[in-house]
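Here's the structure, in structure tokens; my notes come after.
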Amino acid sequence: MIDLKKALAQNPYRKDFPLLARQPLAYLDNAATSQRPACVLRAMADFYENANANPLRGLYRLSVEATDRYEDARREVQKFVNAAAPEEIVFTRNTTESLNLVAYSYGLSHLKAGDEILVSILEHHSNLLPWQMVAQKTGARLKFLDCTPDGTLTDEVLGEAFTPKTRLVAVAQVSNVLGRRAPLKKIVRLARQAGAVVVLDAAQSAPHMALDVQALDVDFAAFSGHKLMGPMGIGVLYGKQALLEEMPPFLTGGEMIETVTREGATYAPLPHKFEAGTVNAAGAVGLAAALRYLQQVGFEEIERRETSLTRLALTGLRQIPHLRLLGSEKAEEHCGILSFTLEGVHPHDISTILDAEGVNIRAGHHCAQPLLRHLGVSSTARASLFFYNAQEEIEAFLEAMRTVRRKMGYAD
Ligand SMILES: Cc1ncc(COP(=O)(O)O)c(C=O)c1O
């Protein structure tokens, strides 16, 4: 268990997070989900205590206020990703749903047999299975951008993969296993030359770096609230307005219509065409509070803290015999994510042994089985940091790691 007082003294942000200020745990599973600051919890409680009604439906004042808060949250997201208009921001449940929306709505209506879809081998299953489905249903061909053992997508691989048949490229800005960044500028340039759309999975990047969809010139971008200190159950899909306009709805039903007759329906304008049913207004309000908090801390500060903690963790891990670190040698190329294996010990055992010492890390295939197979491993242990982590947690993690092999009966 960590010394809470020491951790709070080392990192002034910890006090903003009720769970971190109470639990003497080293919480190092931030790539799976982050903790929430009190301002996010308060914003959600305030919505339910003072403005709860079904948004977008009622004409009475309370419902109008609920609608206003929901639409204000959309504008907060628009600012955060620098989208051109609020109509380009669709609220979903999470990254997975956002990517499925693009696959079912854009993919099935725009791709055909003979077209090519490119994904990188580093993708989370959420940015792979939807494209497998589109390929199966349309006859398009799914092609992979393979990475080098340290997770690099080389110019050579990119150059060979794009053809005039490439219609869609789906990539994660940051890998959830290796923390490596994709060479997005090059990918977008090659996609433009081929006339393909770019779908960006920003689930792991949005919490750690500024996301400017206009500067990046991606066509779609998806991220989840819960990984950047927002609530679970709220996610975002950014899409260029012209593309969203021409796409059919993904889900149909209440709230996404203009008129309904016995025979059919006309749909509501953007973004409501893609938000069928009662929306997660409190989630959107909580997400907006998380984005404001994130921007107050600032991405420079976030990167500075994470890189320094990553360096400390890397130095310690390198001194542990029989440990193999995956990905880059450089701390700046991990985005706070450290995946590793320990010879003779299953990652599940590593995680269980660390848990007994109050250290929370993830073990398994991280929803990226093709990548793990490509790297020649079946599962890894993964510690992932966020700016609110303290040196004390990294030290507890390293101390516990040094005992693992001995606890499993090895001499060193
Ligand atoms: C890179 C990446 N993409 C997509 C997802 C899926 O996110 P969610 O489960 O919030 O839909 C994750 C979650 O770990 C991820 O790391």
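Counting starts at 1 for both ligands and their atoms, in listed order. Side chains are part of it too, since the values below use all heavy atoms of this structure and drop only hydrogens, waters and symmetry mates.
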Quick one: table the atom pairs, ligand 1 N or O against protein N or O, below 3.5 Å, distance rounded to 0.1 Å.
from: ligand 1; atom 1: 3 (N); to: Asp201; atom 2: OD1; distance (Å): 3.3
from: ligand 1; atom 1: 3 (N); to: Asp201; atom 2: OD2; distance (Å): 2.5
from: ligand 1; atom 1: 10 (O); to: Ser224; atom 2: OG; distance (Å): 2.6
from: ligand 1; atom 1: 10 (O); to: His226; atom 2: NE2; distance (Å): 2.7
from: ligand 1; atom 1: 11 (O); to: Thr95; atom 2: N; distance (Å): 3.4
from: ligand 1; atom 1: 11 (O); to: Thr96; atom 2: N; distance (Å): 2.9
from: ligand 1; atom 1: 11 (O); to: Thr96; atom 2: OG1; distance (Å): 2.5
from: ligand 1; atom 1: 14 (O); to: His124; atom 2: NE2; distance (Å): 3.4
from: ligand 1; atom 1: 14 (O); to: Lys227; atom 2: NZ; distance (Å): 2.6
from: ligand 1; atom 1: 16 (O); to: Gln204; atom 2: NE2; distance (Å): 2.7

Is it true that Thr92 and Ser98 share a donor-acceptor pair across their side chains at a distance under 3.5 Å?
yes
Do Arg405's NZ or CZ and the ring of Tyr410 fall within the cation-pi criteria of under 6.0 Å and 45°?
yes
Sorted by first residue and then second, give each salt bridge (Lys or Arg N to Asp or Glu O under 4.0 Å) pair with at least one member in residues 315-329; sequence neighbours left out.
Arg318-Glu329
How would you list, by chain and number, every residue that makes a salt bridge (Lys or Arg N to Asp or Glu O under 4.0 Å) with Lys165, sequence neighbours excluded?
none
Sorted by chain and residue number, the side-chain contact (heavy atoms from CB on, under 4.5 Å) partners of Leu372 (sequence neighbours excluded) come out as Val177, His365, Val377, Thr380
Full working for salt bridge (Lys or Arg N to Asp or Glu O under 4.0 Å) between Glu393 and Arg14:
CA-CA 12 Å; Glu393 289 170 283; Arg14 289 184 79 80; 2.5 Å; yes
